[in-house]
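Note that the structure is predicted; figures quoted are calculated from it, not measured.
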Amino acid sequence: MFKPATKSNLKIRLALSGSAGSGKTYSALAIASNISQKIGVIDTERGSASRYADLFQFDVCELDSHHPAKYIETIKSAEATGYEVIVIDSLSHAWYAELELAGTNRGGGTSFDGWKNVRPLERKLLDAIVSSRCHIIATMRSKTEWDTTQRDSNGKMKPTKIGTAPIQTSGIEYEFDIAGELSAEHILYISKSRCPELQDTSWLKPGGELAQALKNWMSTAPCYANKRPNCGGSTRPGFAG
């Protein structure tokens with residue numbers, strides 16, 4: 001039967017991608033710490049999250065196996081333990097494992113037979129993320145390229161490192177409510193958002209302010225309940241709701 005839609009059980013699904021050094025791990029921890037103090041980090045980056053243990057309070061599980069089933073097991077364990085936010089740092093390692101299971105290297109092709117047993121594993125992992133009772137913040141590595149068109153104040157070439165597509169299955173951003181890319185200058189550009197106030201925005205060193213915007217979005221009452229005029233859009237200049 002149909003019932004009025006509410007946000008009562010809304011959980012954040014946030015994806016942060018970026019090249020090495022863009023601040024993915026730090027940003028994920030900064031945002032998570034402003035949402036809850038009950039944070040569980042799934043670390044596949046050889047302890048990179050623990051380097052921030054003096055700045056943020058969290059528990060960590062360092063995965064040696066990156067099989068999708070191991071990610072699922074750890075997500076379920078975090079839920080059962082009572083964590084409110086799960087940081088997956090990073091989800092790209094699951095993709096590397098899937099490529100190996102399919103019988104290919106990280107950049108090569110493979111046959112359909114190689115993927116037919118891997119796709120269901122991938123789907124189960126994504127379902128575990130989407131259906132989790134916890135807020136999920138996942139980081140993903142981006143392919144690194146260099147922009148050589150930039151010049152410094154003296155006119156000399158100034159190569160700039162940029163991240164392109166995240167290293168993950170195609171269309172991964174559809175599984176998240178908000179997805180964004182971090183630049184080498186630690187600016188998060190929101191490229192996809194189900195929260196109208198965040199669409200096409202940018203955030204320098206994202207943390208508490210972005211977390212507050214996410215909490216505001218989660219707690220917003222239904223339009224019909226408040227009888228607010230024009231509640232489907234935003235008053236931000238240039239935004240068409």
For E79, what residues pass the side chain to side chain donor-acceptor pair (under 3.5 Å) criterion, not counting sequence neighbours?
S132
Side-chain donor-acceptor distances from residues 205-213 under 3.5 Å, at least two apart:
from : atom 1 : to   : atom 2 : distance (Å)
Q212 : NE2    : N216 : OD1    : 2.9

For E73, is there an ion pair with K76 - N to carboxylate O distance below 4.0 angstrom?
no
Quick check: do C61 and V41 have side-chain heavy atoms less than 4.5 Å from each other?
no
So, using side chain to side chain donor-acceptor pair (under 3.5 Å) as the criterion, who are the partners of S77 when residues are at least two apart?
none
Tell me which donor-acceptor pairs under 3.5 Å the side chains of residues 186-194 have, and how far apart each pair is, sequence neighbours excluded?
from : atom 1 : to   : atom 2 : distance (Å)
H186 : ND1    : S22  : O      : 2.9
S191 : OG     : A179 : O      : 3.3
S191 : OG     : E181 : OE1    : 3.4
S191 : OG     : E181 : OE2    : 3.0
K192 : NZ     : E173 : O      : 3.0
K192 : NZ     : F176 : O      : 2.5
S193 : OG     : C195 : N      : 2.9
S193 : OG     : C195 : O      : 2.8
R194 : NH1    : F176 : O      : 3.3
R194 : NH1    : D177 : OD1    : 2.7
R194 : NH2    : Y174 : O      : 3.3

Does the pair R13 and I178 meet the rule for a side-chain contact (heavy atoms from CB on, under 4.5 Å), with working shown?
CA-CA 6 Å; R13 301 289 181 262; I178 300 101; over 6 Å; no
Name the one of T44, L63, I88 that satisfies side-chain contact (heavy atoms from CB on, under 4.5 Å) with T74?
L63
Over all atoms of both residues, closest heavy-atom pair of K24 and S17:
CD-C, 3.9 Å
Rounded to the nearest 0.5 Å, how far does CG of L91 lie from CG of L16?
11.5 Å
So how far is it from E84 CD to I35 CD1, rounded to the nearest 0.5 Å?
10.0 Å
Picking from L14, I31, I39, what satisfies side-chain contact (heavy atoms from CB on, under 4.5 Å) with V87?
I39
Could you check whether atom CG of D54 has more than 12 heavy atoms from other residues, nucleotides or ligands sitting under 6.0 Å from it?
yes
Heavy-atom closest contact (S36 atom, V85 atom, distance)
CB-CG2, 3.8 Å
Just to verify, what does D127 make a salt bridge (Lys or Arg N to Asp or Glu O under 4.0 Å) with, not counting sequence neighbours?
R123
CZ on R119 to CG on L101, rounded to 0.5 Å:
12.0 Å
On a heavy-atom basis, which atom in A128 and which in I75 lie closest, and how many Å separate them?
O-CG2, 4.2 Å
Which residues pass the side chain to side chain contact (heavy atoms under 4.5 Å, CB included) test with Y52, sequence neighbours left out?
T25, Y26, L29, L55, F56
Using a 3.5 Å distance criterion without hydrogens, assess whether the side chain of H135 forms a donor-acceptor pair with backbone atoms of I12.
yes
Roughly how far, to the nearest 0.5 Å, is CG of L121 from CD of E98?
7.5 Å
E62 meets the side chain to side chain contact (heavy atoms under 4.5 Å, CB included) criterion, sequence neighbours left out, with D43, S50, V60
Going from CD on E175 to CG on L126, what distance comes out if it is rounded to the nearest 0.5 angstrom?
4.5 Å
Excluding sequence neighbours, so at least two apart, what forms side chain to side chain contact (heavy atoms under 4.5 Å, CB included) with A78?
Y83, I86
Nearest 0.5 Å, what's the CG-CZ distance between D64 and R46?
8.5 Å
What residues form a ring pair (Phe, Tyr, Trp, His ring centres under 6.0 Å) with H66, not counting sequence neighbours?
H93
May I have the step-by-step check of salt bridge (charged side-chain N to carboxylate O under 4.0 Å, His left out) for E45 and R51, ending in yes or no?
CA-CA 11 Å; E45 295 282 359; R51 290 172 171 80; over 6 Å; no
In the structure I gave you, are the side-chain heavy atoms of W217 and L198 within less than 4.5 Å of one another anywhere?
no
Contacts of T139 that satisfy side chain to side chain donor-acceptor pair (under 3.5 Å) - sequence neighbours left out
D89
Could you go through W95 and I172, starting from their C-alpha distance and side-chain angles, then the distance that decides it, and tell me whether this counts as side-chain contact (heavy atoms from CB on, under 4.5 Å)?
CA-CA 11 Å; W95 176 242; I172 185 68; over 6 Å; no
Of all heavy-atom pairs between R141 and S90, which one has the smallest distance, and what is that distance?
CG-OG, 4.4 Å
